[in-house]
Amino acid sequence: MGKIFKQLARHWAACLAVVALLFVQAYCDLSLPDYTSRIVDTGIQQGGIESPLPETVRQSTLDALSLLMGEEDADALQNAYGYYLQDNGVLKLRSDLTDAERTALEEAVTTPDIVLYMAAAQNANATAGDEAEAMTAAPAAEDLDAVCGQFAAMAQMPGFSREMIQQQLASAMEQVDETTLSSMASQATLLVSLEYEAQGVSHDVQMAYLFRVGGQMLALTLLMVVVAILVGLIASRVSASIGRELRRETFSSVIHFSNAEIENFSTASLITRTTNDIQQVQFTCVILLRMVAYAPILGIGGVMHVTQGNTGLAWIIVLDVAALLLLITVLMSVAMPKFKIMQTLVDKLNLVSREILTGVMPVRAFSRESFEEKRFDAASRELMGTQLFTNRAMVAMMPFMTLIMNGTSLLIVWFGGKAMDAGNMQVGEMIAFITYTMQIVMSFLMLAMVAVMLPRAGVAADRIDEVCRTKASIHDPDAAAAKPALEKKDWDGVVRFEDVSFRFPGADSDALEHISFTANPGETTAIIGSTGCGKSSLLNLILRFYDVTGGRVTIDGIDVREMPQEQLHSLLGYVPQKGILFSGTIESNLKFGGAQITDAGMKKAASIAQATEFIDAKPEGYASPIAQGGSNVSGGQKQRLSIARAIAKEPKIYLFDDSFSALDYKTDVTLRRALKEETDNATVIIVAQRISTVLHANQILVLDDGRLVGKGTHAQLMATCPEYQEIARSQLSQKELNLQDLNTGKEDE
C-alpha cells in the first residue's frame with residue numbers, strides 16, 4: 001500500500017484539493033439532517049417559530065408580558081419594540097438589537113410566555129365549560145385577547161404590585177419538577193404562535209420559515225453536488241495521470257531490458273503488469289481519493305454530531321461501531337489471503353492463453369485441442385474458485401450490514417419514542433439521529449468495500465514496482481568512461497573478437513569459449529555450425545543484447561561496452577532469425593531505422609532485398625498495411641522486408657542471423673549478389689545453416705559447442721576442418737562437392 005500512497009504523493013497538490021473539497025462535501029452532508037430536524041420540529045410542529053421572542057406583537061400582549069416580568073426586564077422588552085410602530089397597530093422588534101441583548105430578552109420572556117399561554121388555555125377551557133379536565137381545549141386568539149384584557153384591568157386595580165406577581169410566579173415554578181418544566185418550555189413558542197394567529201400572519205410566518213430553511217437545504221445540496229463532481233473529476237485525472245506514469249515507467253524499464261532481464265519475467269506476466277495491474281492501481285487511487293478520504297471525515301463528523309446532542313442514545317452508536325468492526329475484521333481475515341493469490345492466478349491464466357493462442361497451428365496439427373481445452377479450463381477454474389470464495393465472503397457482508405443498520409434503526413425508534421414520550425426528544429431530532437447513524441454505518445461500509453480492493457491493489461503495485469526496480473544489466477558507460485562520439489562516416493566498421501567467452505546468467509558452463517576473429521570492411525564473414533552451438537549468441541554480443549563474460553568485442557578498436565548503445569546500434573544493420581514486422585504499412589516498416597531514410601533509399605533497399613516485385617503487385621504499393629507481427633505476408637516476404645529494413649539504414653556493419661532460410665535458392669542467390677554490390681565497403685557477418693549461403697564468404701567461422709573449431713575459406717575448411725566437412729557432406733552431393741572444388745580452384749588461379 002505504501003507504493004500506492006507514494007504515487008499519490010507525486011500529485012500532492014491535487015490530493016490536498018480533493019481533501020479540502022471532501023471537507024466541504026462532508027459539511028454539507030452532515031448539515032442536511034440538522035435542517036431536516038429544524039423543518040420537522042420548528043417549521044411544522046412550531047409553525048416556523050424559532051424564538052419565544054415574537055418578531056411582531058400587539059401592544060396589549062406586550063403589556064401583559066411586561067406585567068409578568070421584573071421592572072428592568074419589562075423596560076428592556078418595551079424598548080425592544082418601542083421604535084417601530086406599524087400602521088396596523090402592531091409593534092415590530094428592532095433590527096439593531098445585538099445578539100447578547102436578544103438572548104437576554106429571550107430568557108426573560110420565556111416564563112411570561114408560558115404563564116400567558118396557560119392562562120389563555122384556562123380561559124378556553126372555562127369558556128368551553130369543561131372544568132373537569134383542565135388544559136384540554138386549545139386556546140384561540142379570542143382567549144389571548146381576554147387574558148390580556150384581564151391583565152390590563154388587574155394593573156389598574158388599587159394596590160396592584162409587580163413584586164407580588166413575581167413572588168407568586170417564583171413560588172409556583174419551585175413546585176414544578178424538571179420534566180414538567182422541560183415539557184412546558186415548548187409552550188413559550190405556542191404563545192408566539194397564538195399571537196401571530198391573532199395578527200393573522202401565522203401562515204405567512206410558517207411558509208417564510210419553510211422557504212428559508214428549505215432554500216438553504218437546496219443550496220447545500222447543490223453545493224454538495226458541485227463538490228462531488230469536482231472531487232470525481234480531480235480524482236479521475238490524478239488516477240489517470242498515475243496510470244500513465246506507471247505505464248511509461250514500466251514500458252521504459254522493459255524497453256531497456258537486456259535479454260537476461262526479459263527472461264526473468266514471462267511475456268504474459270509483463271503484459272498483465274502493464275495492463276491489468278496498472279488498471280487495478282489506477283482504480284484504487286480513484287477509490288482512495290473519493291471514498292477512503294471521505295469515509296473517516298463523514299464518520300467522525302457523524303459521531304461528533306450525535307455525541308453533541310442530549311438524546312441519551314449515544315450508546316447505540318458505540319454498540320453499532322463495535323458490531324461493524326467485528327464484522328469487517330472477521331471477513332477480512334477470511335478473504336485477505338485469497339486476494340493475494342488471485343493476481344498470481346490471473347498471470348497463470350494469461351500465460352496458458354497466450355501459449356495456446358500462439359501455438360494454435362501445432363495444437364491443431366497434433367490434435368491436442370481437447371488436451372489444451374482441459375489445461376485452459378483447469379487454470380480458469382482455479383481462478384474462478386478463488387474469485388467465487390472472495391466474492392461470497394464480500395457478498396455476505398451486505399446482509400450483515402443491512403441487519404446492523406436495521407437493528408440500529410429499531411433501537412433508535414424504540415428508545416427515541418420513549419424519550420419523546422418523556423419530552424426529552426422531538427420527532428425531528430430522532431430523524432436526524434437516525435440519519436447520522438446511517439451515515440456512520442455507511443462510512444464503515446465504504447471502508448469495508450475499499451478494504452476488499454486494497455490487498456489486490458497492493459499486490460499489483462508490488463508487481464509493477466518489481467519491474468520498475470529491475471535495473472538493466474546492459475547500460476551505457478559513464479560520461480567519463482565513454483569514448484568521444486564520432487559521425488557514422490568516420491567509422492570503418494572493423495569488428496574484432498578478442499578471446500571472448502560468454503556464459504548465460506545462471507548457467508553452469510560457457511556458451512562461447514575463447515572466440516577470436518576479425519571481420520573487416522568489404523569482406524563477408526560467415527558463421528556456421530550445428531544447432532545450439534552459439535551462432536546467434538555471438539551476434540548478440542556485438543549488439544550488446546548480452547555482455548561478454550570474458551575478453552572483449554571491439555569496433556574499430558573501441559570496446560562496445562565503452563560506446564553509448566544508441567551510437568553502437570546506429571552502426572549496425574541487424575536482421576533477426578525470425579522476421580519481425582510491426583503494425584503499420586510497408587513504408588513505415590522499411591523506414592523503421594530512422595527519419596533520415598528517404599523514399600528513394602527505401603525503394604532501393606526493397607529492390608536489393610528482392611521485395612519490389614510483391615510490393616508493386618499490391619494495389620496500395622508501399623502504403624499497403626502490415627498486420628501485427630506481419631501476419632498478412634508470407635514468411636519469405638517477411639524475411640525480405642526485414643532485410644530491406646536493415647539495408648535502408650545504410651549501416652557500416654550488417655548482421656544477418658540466418659536471415660535467408662525462408663528464401664528459395666533463386667531468390668537467395670539473386671539477393672546475395674545484389675547485396676554484395678551494395679555492401680562493398682561494409683562489414684557483413686552472416687549466420688547460416690546452409691553451405692550454399694556461405695560458400696563465397698571471405699571468411700567462414702565454424703562453431704562446435706561454443707568453440708571455434710575452424711576458420712578460413714570454403715576450400716581451406718574442406719581441407720582442414722572435419723566439422724565443416726561433415727556439414728558440407730550432409731547438405732551437398734558428391735557431384736556438387738566436386739563442382740564446388742573445381743570452381744574454387746579456378747577462382748584461386
Side-chain angles (χ1 to χ4, degrees), residues 20-53 55 99 102-103 106-107 110 182-183 185-186 188-190 192-193 205-228 231 294-318 320-321 405 408-409 411-420 422-446:
L21 289 171
L22 288 176
F23 271 103
V24 175
Q25 183 180 351
Y27 171 79
C28 297
D29 209 353
L30 292 168
S31 297
L32 292 178
D34 285 334
Y35 280 90
T36 303
S37 175
R38 289 170 58 188
I39 286 177
V40 173
D41 293 340
T42 304
I44 297 175
Q45 291 186 325
Q46 297 178 191
I49 300 169
E50 300 178 85
S51 169
L53 188 67
E55 292 295 322
D99 292 339
R102 190 181 185 96
T103 301
E106 287 177 349
E107 293 177 355
T110 298
S182 176
S183 62
S186 62
T189 57
L190 292 178
V192 179
S193 177
V205 170
Q206 183 177 35
M207 294 308 297
Y209 180 86
L210 291 175
F211 277 118
R212 177 165 56 83
V213 177
Q216 292 172 351
M217 278 189 76
L218 181 60
L220 282 174
T221 303
L222 293 176
L223 176 61
M224 188 169 63
V225 169
V226 172
V227 169
V231 168
Y294 186 59
I297 298 173
L298 186 64
I300 294 171
V303 171
M304 290 175 62
H305 274 269
V306 167
T307 54
Q308 284 175 358
N310 297 319
T311 59
L313 303 180
W315 62 271
I316 297 178
I317 302 299
V318 176
D320 190 30
V321 171
M405 290 172 65
T408 302
S409 300
L411 288 174
I412 293 172
V413 171
W414 177 264
F415 290 99
K418 291 183 176 296
M420 283 192 294
N424 298 325
M425 179 184 283
Q426 297 188 56
V427 175
E429 288 180 319
M430 188 177 74
I431 294 174
F433 192 89
I434 293 175
T435 305
Y436 285 128
T437 305
M438 293 305 105
Q439 287 177 336
I440 295 169
V441 173
M442 290 304 297
S443 300
F444 277 90
L445 180 59
M446 284 190 284

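Given the structure is predicted, the values throughout are model-derived calculations rather than measurements. Computation of the quantities below employed the complete heavy-atom set of this structure, encompassing side-chain atoms and omitting hydrogens, waters and symmetry-equivalent molecules.
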Distance, nearest 0.5 Å, that separates CE of M430 from CG of D41: 10.5 Å

Point-to-point distance, once rounded to the nearest 0.5 Å, from OH of Y209 to CD1 of I49: 11.0 Å

Heavy-atom side-chain contact between L210 and I39 under 4.5 Å: yes

Within-4.5 Å side-chain heavy-atom neighbours: D320 and M405: no

Interatomic distance, M438 atom CE to S443 atom OG [nearest 0.5 angstrom]: 11.5 Å

R38 and Q216, any side-chain heavy atoms less than 4.5 Å apart: yes

Spatial distance of atom OG1 (T435) from atom NE2 (H305) [nearest 0.5 Å]: 12.0 Å

Minimum heavy-atom distance between L32 and M224, given as atom pair plus value: CD1-CE, 3.9 Å

Heavy-atom check, side chain of Y436 versus side chain of I412, under 4.5 Å: no

Residue pair E50 / T42, side-chain donor-acceptor N/O under 3.5 Å: no

Gap between atom CD of E107 and atom CZ of R102 - 0.5 Å precision: 13.0 Å

Backbone of P33 reached by a side-chain donor or acceptor of S37 within 3.5 Å: no

Straight-line distance of I434 CD1 to I316 CD1, nearest 0.5 Å: 9.5 Å

Minimum side-chain heavy-atom gap E55-V192 below 4.5 Å: no

Least distance between heavy atoms, P52 atom then T110 atom: CG-OG1, 3.7 Å

Quiz: residues 23-30 side-chain donor-acceptor pairs under 3.5 angstrom, not counting sequence neighbours:
unit_1: D29; atom_1: OD1; unit_2: Q439; atom_2: NE2; d: 3.2
unit_1: D29; atom_1: OD2; unit_2: Y294; atom_2: OH; d: 2.9

Flag side-chain contact, heavy atom, 4.5 Å: L222 against V226: no

